[in-house]
Amino acid sequence: MNARWISPDQKRRQRRNRRLLFIGVVACLVIVSAAFFVVRHDETAEPLLAEAETVAVLSTQPPVAEVEPAPVVPDNIVTRDIQPGDNLSAIFDSIPVAQPILHQVLAADESLLALDVLHPGNRLTFTLDETTRELVAMELFIHPGKQVVYRKVDDKTFEYEEIVNPGIWDRQLIIGEINGSFYLSAMKSGLSEQETANVADLFRSKVDFARDMRAGDLFQVVRKQQFVDGQFTGQSLIEGVRIYNQDQVYTGFLFEDGNYYDLKGESLASAFRRYPFSGNYRITSSFNPRRKHPITGRITPHNGVDFGMSTGTPVLATGDGVVTRVVNHPYAGKYIEIQHSGQYVTRYLHLSRSLVHRGQKVKRGQQIAKSGNTGRSTGPHLHFELRVSGRPVNPIKAKIPMAAAIPKAKRQIFDEQVATVLGLMETTEVHQIAKSEVATDSTL
C-alpha cells in the first residue's frame, strides 16, 4: 500500500493545530493550578485568622488572681460559735468531751465564772490530743479585747488564763432630739440599747423619761468605744451626759471612782456599803490573786473575800443596781450578781437561798439572799466580790463612792475631767440651740 501524500499546506495546518493544542493544555494546567492554590489559601487563612482573633481577645482579659488556699484547720481543733439557746453541757457533748472533763473546766472557772453566761458572738475553741482525742485546752473568745484560755494541768485539773487587750478607746459625741419616746430617740441617735438603759438609769431619781420628756428636748452623750486592731469589741463607756428637759438641764459625769456626779460634784447614785451584811463577821479568806486553794492545793486566784457566818445570815446589796445573774453553780454554789451604776459589779456566792430574781432592781442595804454552804465550800460562809471595769478588786480596800459628793481633795481633778467633756459638748450646734431655748440653766 502506498503512503498517503500530504501537501505542504496540510503539513502547515497540522503543525499549527498541534501548537494550539499544546497552548490549550498548558493554559488548562495553569488555570487548574491557580484554582487549587486559591482553595488551599482560603482553607488555611480562616483558622489562622480565627487563631489571631482569639489571641487578641485573650490578651485583653485581666490577669486571673491567684487564689490562696484556705488555711487547713487540724482535725484536733474544733470551733463552736455560740448560738441563742446554746448551753455548755450540750456543746461538750457535740465535740464530744466527757462530762467529767466539763466539771474540771467549771472548777477552774469558779473564781472567774466566765462560762456561766455565754452570749451569741462568743466562740469556744477546743484543742484535743491528736492521739487520745481528750481535751487539752479550750479558749473562750468573749470579744476581740478579751479571751480566756483553759489548759489541762493533770488528769484532774484545769487552770485558766485571762488574755486582755486594752486596744484603743475612741471618744465620740452623740447628740439627739426627742421625737417620740426617749428610748427610740436615743437609739436613732446611735446609742445602743444598753447605753440607752444606762442613761435612763443614771437620772431615774430626777427625770421620769416616760412622762417628763417632751418633743424637741435635746440630749448629748460623750462615750468611748473600744477597738482592737480596728475592730469594735462591743465595749463602751459613757463619760458624760447632758439632757435639756424643758427649762431644766441635767448633767452626769463619770469620775475615776467609777461613779457619776453632776456639775456640783454630787453623786447621781446613792453611796455604797463597804460590807454586804449588818454586824461584824471575821474574814476567813482574804482577797488574794495567788492564793492556794484549800481543797485542791493548787494556786488559784481568790477574787473576793470570805466571811465566816452561819447559814441563813441576811445578805445585803452593797449598792443600788439590777440583778443580772441568779445561778446555781456546781462549785460557786447559789450566787447572785448585781450590776450597779458606773463600772461596778458585785457577786455573792455560796448562798443557801436567793430572795431576788434576774432583772430585778434592788436598793442599797436591801436583803437579797441568805448565806449558806452550797457548791464547793469548806464550811458556812459568804464569798463577796467587787469588780470594777470587769476586773476583780479587793472590796475591803477599793476606792468606792462611800459619800454622796466628790471629796474636796479630789474636786480639782474632777473639774478638769468635766471641762474636757464639756469642751466637746459645747462646740456642737445642739448646745447652742438648747442654750438659747432654756430659760433657766439650773443644773441639778
For Phe219, run the ring pair (Phe, Tyr, Trp, His ring centres under 6.0 Å) check against Phe182, Tyr244, Tyr183 and tell me which one passes. Phe182

Please check: side-chain N/O of Asn76 versus main-chain N/O of Thr127, any donor-acceptor pairing under 3.5 Å? no

Indicate the atoms forming the closest heavy-atom contact of Arg273 with Ser278, along with that distance. NH2-OG, 3.8 Å

Would you check if there is a donor-acceptor pair between the side chains of Asp217 and Asn245 at a distance under 3.5 Å? yes

When you compare the side chain of Tyr150 with that of Val136, does any pair of heavy atoms fall below 4.5 Å? no

Classify the ring geometry of Phe253 against Phe414: parallel below 30°, tilted from 30° to 60°, perpendicular beyond 60°. perpendicular

What are the two closest heavy atoms between Val228 and Gly145, and how far apart are they? CG2-CA, 3.8 Å

Of the non-hydrogen atoms in Leu382 and Pro276, which two are nearest, and what is the gap between them? CD2-CG, 3.7 Å

Side-chain donor-acceptor pair under 3.5 Å between Gln226 and Thr233, yes or no? yes

Exercise: do Arg347 and Tyr335 side chains pair donor with acceptor under 3.5 Å: no

Between Asp129 and Arg133, does at least one N-O distance fall below 4.0 Å, as a salt bridge requires? no

Check the side chains of His350 and Ser371 for a donor-acceptor pair under 3.5 angstrom, ignoring hydrogens and angles. no

When you look at Arg204 and Asp320, which way does the side-chain contact (heavy atoms from CB on, under 4.5 Å) test go after all the steps? CA-CA 12 Å; Arg204 68 182 183 276; Asp320 296 356; 3.4 Å; yes

Could you go through the side-chain contact (heavy atoms from CB on, under 4.5 Å) check for Leu268 and Lys206 one step at a time? CA-CA 9 Å; Leu268 296 184; Lys206 301 180 182 299; 3.7 Å; yes

Are the aromatic ring centres of His381 and Tyr281 under 6.0 angstrom apart? no

Using the side-chain contact (heavy atoms from CB on, under 4.5 Å) rule, take Ile77 and Leu128 through it: C-alpha gap first, then chi angles, then the decisive distance, then the call. CA-CA 6 Å; Ile77 297 179; Leu128 309 176; over 6 Å; no

Might you work through the side-chain contact (heavy atoms from CB on, under 4.5 Å) test for Leu118 and Leu88, ending with a clear yes or no? CA-CA 8 Å; Leu118 298 177; Leu88 202 59; 3.9 Å; yes

Between Phe277 and Phe307, is the ring-ring contact (aromatic ring centres under 6.0 Å, His included) condition met? List the steps. CA-CA 10 Å; Phe277 48 76; Phe307 298 94; 4.9 Å; yes

Tell me whether the rings of Phe126 and Phe92 are parallel (<30°), tilted (30 to 60°) or perpendicular (>60°). perpendicular

